[in-house]
Amino acid sequence: MYTLSNRLRLFSIILMVVGLVGLIIGFAQRPGSIEEVKEMMAAHDAHGGGHGEAQTADHGESHGKEDAHGGDAHYEHVLHQLQNKPWASLYAAAFFFFMIALGVLAFYAIQFASQAGWSPVLFRVMEAITAYLVPGGLILFVILALSGFHVNHLFVWADPEKVLGDKLLEGKAGWLNGTGFIIRAAIFLGGWLLYRHFAVKYSRKQDEEPTGNKWYKKSFKISAGFLVFFIYTESMMSWDWIMSFDPHWFSTLFGWYVFASLFVSGITTIALITIYLKSKGYLDFVNNSHIHDLAKFMFGISIFWTYLWFSQFMLIWYSNIPEEVTYFITRIEDYKLPFFGMLVLNFIFPLLVLMNSDFKRVNWFVVMAGIVILCGHYIDVFNMIMPATVGESWFIGISEISAVLLFLGLFIFVVFRALTKAPLLAKGNPYLEESKHFHY
């Protein structure tokens, strides 16, 4: 049995407390009026400001003539962007850590549905990671509900004033409305959590009856059914929770793109936690071949993600249709560093580090690659959310850092606490002995 150390528990709690305090400060520092925005922009302009702050000030200067004719419209726009900033930071971090657990849940179901023989020794690590779906899903649902009913300005389509007169938003109102948005979110989360509940339940039952395959067969059936449900709901989730930030833009590849991101992030997290547990003297039944296979998935899905990113980008950029290409122009002009940095972290770095088969068996190499991949995919989520919610007023500040710390602490606490609930080796699986002696 795994025992959660006091040091790790304290570390996770400190992360949560620091993150929560930082977020409270971030929300408290939001401007409350146009006058405050003008003062902030004047102060940033006078002192040079930061990357995004100076950019906001410059943007304000360039719109001086426009403001002379349009009143305070520009400052009101910046006000909404700055008010959105802590909300967007909170949402980006909440979604990122939730998508890790969701990616692991899909990977777990695939192992059962494909009757994989190499992975049963990793099942308890996967089950522990998916435990985060419960608190992470509830937090995300609350944020989605507040956003869908226009408590904040994250989703343009949730603002009746923005919808009125916009033919495209009016045409999508049958789908993009607060009520439907929340109902669909409840269905998605309910289905995913229901599968997770029964999958873990059957896994524990299999421990109690290790000589029969009754519970394994049930796990196989619900996993196959869940994957069908997941294929549809994951795509719709990506439309609702991410793509609708830019409701005038769409991509037919977007569901697959988000899936590749959450899938590789989930597999990477499995590898990192497995290596950590082995370093602490646990999981002696996991060998280098298991780590090698996880690293192969990290490499392969990173290449798959790059293929989807390039396919989406190339077709839209080459066709140069204004309402489509604007999505990328905004990110290249206003988010140049995170946009191109994400490509380096998510494609070039894994390609160079994990291409060599021998490196996939070196634990510290896999850990280094895994941390870079996770950072890269957080930046990917950042790039998908921030341009439509914060626009050119972005900068990495206390809200962004605090939100990551808060959910990182919660993730560590929930996952490692879940590891203490059952033996680290799932007994009774018909492929368990094959998994123990797996060698590649």
Side-chain angles (χ1 to χ4, degrees), residues 84-85 87-103 105-106 133 136-137 139-148 150 152-159 168-169 172 175-178 180-189 192 230-266 305 308-309 311-313 316 323-324 326-328 330-331 334-335 338-339 342 346 374 376-391 394 400 403-404 407:
N84 273 343
K85 193 170 179 294
W87 280 109
S89 303
L90 180 68
Y91 186 91
F95 179 82
F96 174 70
F97 285 97
F98 177 83
M99 84 174 194
I100 290 175
L102 184 61
L105 188 71
L133 288 171
I139 294 171
L140 190 59
F141 183 79
V142 171
I143 300 173
L144 288 168
L146 294 174
S147 303
H150 198 50
N152 51 52
H153 299 280
L154 288 182
F155 293 101
V156 175
W157 53 262
D159 185 352
L168 193 146
L169 293 183
K172 292 184 176 183
W175 181 271
L176 292 179
N177 59 80
F181 183 75
I182 299 307
I183 291 174
R184 289 192 300 275
I187 293 172
F188 302 158
L189 289 168
W192 300 335
F230 177 79
I231 288 171
Y232 288 98
T233 54
E234 186 277 331
S235 289
M236 288 189 284
M237 174 273 286
S238 70
W239 306 337
D240 277 5
W241 298 1
I242 299 293
M243 194 164 69
S244 72
F245 282 115
D246 295 272
H248 293 88
W249 178 84
F250 74 94
S251 168
T252 54
L253 278 176
F254 199 76
W256 282 105
Y257 178 76
V258 173
F259 167 75
S261 188
L262 65 87
F263 202 52
V264 71
S265 298
W305 174 89
L308 292 172
W309 180 89
S311 297
Q312 182 175 258
F313 172 77
I316 291 175
E323 58 267 29
E324 293 183 359
T326 301
Y327 179 89
F328 288 106
T330 300
R331 283 153 177 79
D334 297 334
Y335 290 75
F339 183 79
M342 170 198 69
N346 291 342
L374 290 179
H377 283 282
Y378 169 76
I379 296 174
D380 187 23
V381 172
F382 185 91
N383 284 335
M384 288 190 282
I385 294 172
M386 290 294 180
T389 56
V390 179
W394 77 278
E400 289 76 12
V404 172
F407 287 102

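This is a predicted model, so every value here is computed, not measured. The residues of the chain are indexed from 1 along the displayed sequence. In what follows, every heavy atom counts, from backbone to side chain, and hydrogens, waters and symmetry copies are set aside.
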Closest non-hydrogen atom pair, [X] against [Y]:
X: G137; Y: L189; value: O-CD1, 3.7 Å
X: S147; Y: A158; value: O-CB, 3.6 Å
X: M384; Y: D246; value: O-OD2, 4.2 Å
X: S89; Y: A403; value: O-CB, 3.4 Å
X: F407; Y: A94; value: CZ-CB, 3.6 Å
X: G376; Y: M342; value: O-CG, 3.8 Å

Quick one: does [X]'s side chain have a donor or acceptor within less than 3.5 Å of a partner on [Y]'s backbone?
X: T326; Y: E323; result: no
X: K172; Y: P247; result: yes
X: E234; Y: F259; result: yes
X: H150; Y: N152; result: yes
X: N84; Y: V390; result: no
X: R331; Y: P387; result: no
X: Y327; Y: H248; result: no
X: D334; Y: G391; result: no
X: W157; Y: G178; result: no
X: Y378; Y: V404; result: no

Handout entry: F313 vs F328, ring pair (Phe, Tyr, Trp, His ring centres under 6.0 Å): CA-CA, chis, key distance, verdict
Key = CA-CA 8 Å; F313 172 77; F328 288 106; 5.0 Å; yes
Atom [atom1] of [X] and atom [atom2] of [Y]: how far apart are they, to the nearest 0.5 Å?
X: I242; Y: M99; atom1: CD1; atom2: CE; result: 8.5 Å
X: D240; Y: I182; atom1: CG; atom2: CD1; result: 9.5 Å
X: I316; Y: F250; atom1: CD1; atom2: CZ; result: 8.5 Å
X: Y335; Y: N383; atom1: OH; atom2: CG; result: 8.5 Å

Problem - Full working for side-chain contact (heavy atoms from CB on, under 4.5 Å) between I100 and L374 - result: CA-CA 9 Å; I100 290 175; L374 290 179; 4.3 Å; yes
With heavy-atom distances below 4.5 Å as the criterion, would you say the side chains of [X] and [Y] are in contact?
X: F155; Y: F245; answer: yes
X: T389; Y: H153; answer: no
X: F95; Y: I143; answer: no
X: K85; Y: M386; answer: no
X: L140; Y: Y91; answer: yes
X: F382; Y: W394; answer: yes
X: W241; Y: M236; answer: no
X: M243; Y: S238; answer: no

Practice task
Check the pair S261, W305 against side-chain contact (heavy atoms from CB on, under 4.5 Å), reporting the backbone distance first and the verdict last.
Solution key: CA-CA 7 Å; S261 188; W305 174 89; 4.2 Å; yes
Practice task
List the steps and the verdict of side-chain contact (heavy atoms from CB on, under 4.5 Å) for Q312 and T252.
Solution key: CA-CA 8 Å; Q312 182 175 258; T252 54; over 6 Å; no
Exercise for the section: Go through the side-chain N and O atoms of D380 and Y257 and say whether any donor and acceptor fall under 3.5 Å apart. Expected result: yes
Exercise for the section: Establish, from distance only, whether the side-chain atoms of W192 and T233 form a donor-acceptor pair under 3.5 Å. Expected result: yes
Practice task
Apply side-chain contact (heavy atoms from CB on, under 4.5 Å) to the pair F141 and F188, showing each step before the final yes or no.
Solution key: CA-CA 10 Å; F141 183 79; F188 302 158; over 6 Å; no
Problem - Within 6.0 angstrom of W309 CH2, more than 12 heavy atoms from elsewhere - result: yes
Exercise for the section: Answer yes or no on whether R184 is positioned over the face of W175, meaning its NZ or CZ is under 6.0 Å from the six-membered ring centre and within 45° of the axis. Expected result: yes
